[in-house]
Amino acid sequence: VERGSVRRHRVEGYWRDMGRPSAYLQGHRDLVADPDQVFATEHLVVRSSHRDLPPALVTSTGRASDALLSPGCRVAGTVERSVLGPGVVVEEGATVVDSVLFDEVHVAAGASISTAIVDEGVQVGADARVGEPGPDELEDEHIVLVGRQSTIGEGVELAPGARLDPGTTA
């Protein structure tokens, strides 16, 4: 803009400002509900870099519904209406609902995550409770945000709207 050289490229179809936690989670809700709506522009290709990981695995004890699982995910618990990044592990008896988990998040047995955005490298201890189901119309105070490399201890409960800075131990 300062040099006077600005161009635009009009993209038809899905567009969302993802600058607020509620908008970010809603964008992922839209993606899970109807991927074709979000990626409907055939001439535009979505490209990203990725590590060479095995395909996602849902074990015999696991269940994933309305979910997008990245390579390297291992689901032995339950995942619903969520997006999981590469290398996420959801142990048997754990649940992830209406959430976005970034790379290498580990959810231990019996833990539950609901209506949350969890950054990379987070460890969620056994029987921990992160958030609770949120309404259809989200507000930022409904969503739990967990910063990268944080640790949520065994049995710890984080209420809706909780915020953990990166590297926090709770």
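Since we're looking at a predicted model, the values are computed, not measured.
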Value rounded to 0.5 Å, distance of CG in Leu158 from OG1 in Thr168: 10.0 Å

- request: Determine yes or no for a side-chain-to-main-chain donor-acceptor pair under 3.5 angstrom, with Ser70 supplying the side chain and Leu84 the backbone.
  value: yes

query: Counting distance only, does the side-chain N/O of Ser150 pair as donor-acceptor with the main-chain N or O of Asp165 below 3.5 Å?
result: yes

- prompt: Are Phe102 and Met18 connected, step by step, through hydrophobic side chains (Ile, Leu, Val, Met, Phe, Trp, Tyr) whose heavy atoms are closer than 4.5 Å?
  reply: yes

Matching residue for Ile117 among Leu101, Leu145, Val146 - test: side chain to side chain contact (heavy atoms under 4.5 Å, CB included): Leu145

query: At their closest point, which heavy atom of Pro71 faces which heavy atom of Leu53, and how far apart are they?
result: O-CD1, 3.4 Å

statement: On a heavy-atom basis, the closest approach of Ala159 and Val144 is O-CG2, 3.4 Å

- prompt: Is it true that a side-chain atom of His142 and a backbone atom of Glu139 form a donor plus acceptor pair closer than 3.5 Å?
  reply: yes

- request: List for me each residue that meets ring-ring contact (aromatic ring centres under 6.0 Å, His included) alongside His106, sequence neighbours excluded, and say none if there are none.
  value: none

- prompt: Hey, is CZ on Arg148 packed in by over 12 heavy atoms from elsewhere, all under 6.0 Å?
  reply: no

- request: Would you give the length of the straight line joining atom CD of Glu92 to atom OG1 of Thr78, rounded to the nearest 0.5 angstrom?
  value: 9.5 Å

- request: Just do the side-chain contact (heavy atoms from CB on, under 4.5 Å) check on Thr115 and Leu138 with the steps written out, would you?
  value: CA-CA 9 Å; Thr115 318; Leu138 289 172; 3.9 Å; yes

- prompt: Would you call Val118 and Val107 a side-chain contact if the rule is heavy atoms closer than 4.5 Å?
  reply: no

- request: Find out if a path of hydrophobic residues (ILVMFWY) with successive side-chain heavy-atom gaps under 4.5 Å connects Leu25 to Val88.
  value: no

field: Heavy-atom pair of closest approach, residues Ala108 and Ala94
entry: O-CB, 3.4 Å

task: Check the hydrophobic clustering (I, L, V, M, F, W, Y; side-chain heavy atoms under 4.5 Å; chains of links allowed) and say if Val156 and Val122 are grouped together.
output: yes

- prompt: Would a distance-only check, ignoring hydrogens and angles, find a side-chain to backbone donor-acceptor pair under 3.5 Å from Ser82 to Val100?
  reply: no

field: CG-CD distance between Asp66 and Glu80, expressed to the nearest 0.5 angstrom
entry: 8.5 Å

- prompt: So, Arg74 side chain and Gly72 main chain: donor-acceptor pair closer than 3.5 Å or not?
  reply: no

message: Is it the case that atom CD in Glu141 sees more than 12 heavy atoms from other parts of the structure closer than 6.0 Å?
response: yes

query: Side chains of Ser22 and Ile143: closer than 4.5 Å at any heavy-atom pair?
result: yes

query: Can you name the closest pair of heavy atoms from Ala128 and Gly153 and give their distance?
result: CB-O, 3.6 Å

- prompt: When rounded to the nearest 0.5 angstrom, what distance separates CZ in Arg81 from NE2 in His28?
  reply: 15.0 Å

task: Please name all residues satisfying side chain to side chain donor-acceptor pair (under 3.5 Å) with Gln123, sequence neighbours left out, ordered by chain then number.
output: none

query: Hey, is the main chain of Gly131 close enough, under 3.5 Å, to the side chain of Ser114 for a donor-acceptor pair?
result: no

field: Glu120 (side chain) donor-acceptor with Asp103 (main chain) under 3.5 angstrom
entry: no

task: Would you mind telling me which of Val83, Val90, Val105, Val75 makes a side chain to side chain contact (heavy atoms under 4.5 Å, CB included) with Val96?
output: Val90

query: Is Val58 reachable from Ile113 through a run of hydrophobic residues whose side-chain heavy atoms are each under 4.5 Å from the next?
result: yes

task: Mind listing the closest non-hydrogen atom pair of Asp119 and Gly147 along with its distance?
output: CB-C, 3.7 Å

- line: Closest non-hydrogen contact found for Ala76 with Thr59 is CA-OG1, 3.2 Å

